[in-house]
Amino acid sequence: MAQLILNAISKSFEGTARAAVNDVSLTVREGGFLALLGPSGCGKTTVLRMIAGFEQPTDGRITLGDKILAGDGRMVAPEHRNMAMVFQSYALWPHMSVADNVGYPLKVRGVTGETRRRKVMEALSAVRLEPYADRRPADLSGGQRQRVALARCLVTEPDVVLLDEPLANLDRHLRQEMEETFREFHARSGATMIYVTHDQAEAMALATDVAVMSEGKLLQVATPEEIYARPEGRLVGGLVGQGAILSLRSPYGDRRNLDWIAMQAMMLDLGQGVDADILVRPQDVELSSDGFAVTVVSVLFEGERYALKLALPDGQVLKAYTRLPVKVGDEVRVAIRAGWRL
Ligand code: ADP
Ligand code: MG
């Protein structure tokens, strides 16, 4: 296994005005689990397909260890990249047992007998399906079938596993179960994994690193904790976490972490400083008599709390949580305990 490096890769499809992928550079560390996060159409699948070898970059270079996969006039065919790709729809052979489905890629490669049997059982064990080896896919649940598809891609011991929104069609309960499976699969296999998703919660829960894309460009790469605490720019700030973004004037120069005193001064708008986008997370907005007045514009009961949208006098909207019942139209006072300048 080795480090995967994308070096300034771009992809323009013929007859389209804008590049689908535009100058993306990214290093995926060996054994890392990278989530590629961004809205639909931002170029995630195209990046994945270039890594897998199904698309040739218009520009740039892709290397795995010291091997050039694409670029500098070279293009290694997908079957020679030792990668595996898992799609949303995982086609299993209905007439074959689970073990035969998992062993199929080995059969194609001429691996036989005891070696094949052992590798199949190892792969099934990585997804905790050993007891199901002799069943047919039809006798499994949706989640189990997807685990068979994962085992099948693990069995060839790929250097890199590529997953394109594999949970997008599943219901919430099954998604949670599968997130657990992916995490465990990654920990046990030690494979380098790249996971495409448009769901920020999924990206943060699964990955060791998150790369955020928008309109073909890479905006930020960092650990989930880092990207949550210190997002760069309005696009990442709006995509990660449930925050609201306020446009305020900041007299604090380059300062990015803002406390209640600073937030209060900015809310009072002294007319000084520069225009700034301030990210405010709902857990940092507290109903408090020493705060400033806002109007409740919506209330959503979430079981353990109410999620509120609150309008400032100038119409900008904040989000907050509370355990107290409030009504739309109520005037309440809030203190903002923390803000992050984007
Ligand atoms: P995502 O996976 O983030 O939803 P895609 O990588 O599928 O985004 O697509 C990025 C952009 O490239 C989109 O505008 C899409 O329409 C365009 N695109 C993707 N594949 C092709 C193709 N084969 N030919 C032309 N345009 C394409
Ligand atoms: Mg896609």
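These figures come from a predicted structure and were not determined experimentally.
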For residues 291-298, run the donor-acceptor check on the side chains, cut-off 3.5 Å, and write out each pair with its distance to 0.1 Å, sequence neighbours left out.
none

Subject >> Candidate pair Glu302 and Tyr321, rule side-chain hydrogen bond (donor to acceptor under 3.5 Å, both in side chains), full reasoning >> reply: CA-CA 10 Å; Glu302 293 185 339; Tyr321 301 132; 5.4 Å; no
**OP:** Measure the acute angle between the ring planes of Phe182 and Tyr195, then classify it against the limits of 30° and 60° as parallel, tilted or perpendicular.
**Re:** perpendicular
Subject >> side-chain hydrogen bond (donor to acceptor under 3.5 Å, both in side chains) partners of residues 203-216, not counting sequence neighbours, each pair once >> reply: Arg29-Asp209
**OP:** Could you tell me whether a side-chain N or O of Thr192 sits under 3.5 Å from a main-chain N or O of Gly31, the two making a donor and an acceptor?
**Re:** yes
Original post:
Can you check whether Met213 reaches Leu36 side chain to side chain, under 4.5 Å on heavy atoms?
Top reply: yes
Original post:
Quick one: are Leu342 and Pro231 in side-chain contact, heavy atoms under 4.5 Å?
Top reply: yes
**OP:** For Lys319, enumerate each residue passing the salt bridge (Lys or Arg N to Asp or Glu O under 4.0 Å) test, keeping only those at least two apart in sequence or located in another chain.
**Re:** none
Subject >> Minimum side-chain heavy-atom gap Val210-Thr223 below 4.5 Å >> reply: no
**OP:** Flag yes if more than 12 heavy atoms outside Asp290 fall under 6.0 Å of its CG atom; otherwise flag no.
**Re:** yes
Original post:
What heavy-atom pair brings Leu310 and Ala320 nearest, and what distance separates the two atoms?
Top reply: CD1-CB, 3.7 Å
**OP:** Step by step, work out the side-chain hydrogen bond (donor to acceptor under 3.5 Å, both in side chains) result for Ser97 and Asp134.
**Re:** CA-CA 5 Å; Ser97 70; Asp134 297 324; 5.3 Å; no
Subject >> Cation over ring face, Arg183 and Phe33, 6.0 Å, 45° >> reply: no
**OP:** Could you tell me whether the side chain of Val161 reaches within less than 4.5 Å of the side chain of Leu154, counting heavy atoms only?
**Re:** no
Subject >> By ring pair (Phe, Tyr, Trp, His ring centres under 6.0 Å) - contacts of Tyr104 (at least two apart) >> reply: Trp93
Original post:
In chain order, what residues pass the salt bridge (Lys or Arg N to Asp or Glu O under 4.0 Å) check against Asp199, with sequence neighbours excluded?
Top reply: Arg175
Original post:
So which heavy atom on His198 is nearest to which on Leu37, and how close?
Top reply: C-CD1, 3.7 Å
**OP:** Apply side chain to side chain donor-acceptor pair (under 3.5 Å) to Arg337 and list each qualifying residue two or more places apart in sequence or on a separate chain.
**Re:** Glu286
Subject >> Verdict with reasoning, Arg256 to Glu232, per salt bridge (charged side-chain N to carboxylate O under 4.0 Å, His left out) >> reply: CA-CA 11 Å; Arg256 304 194 70 184; Glu232 293 292 342; 3.1 Å; yes
Subject >> Ionic contact status for Arg118 with Glu114, cut-off 4.0 Å >> reply: no
**OP:** Find the distance between OG (Ser12) and CG (Asp59) and round it off to the nearest 0.5 Å.
**Re:** 8.0 Å
**OP:** Would you please say whether a donor-acceptor pair under 3.5 Å links the side chains of Thr45 and Asp164?
**Re:** yes
**OP:** Check step by step if side-chain hydrogen bond (donor to acceptor under 3.5 Å, both in side chains) holds for Thr197 and Glu202.
**Re:** CA-CA 7 Å; Thr197 180; Glu202 196 172 284; 3.3 Å; yes
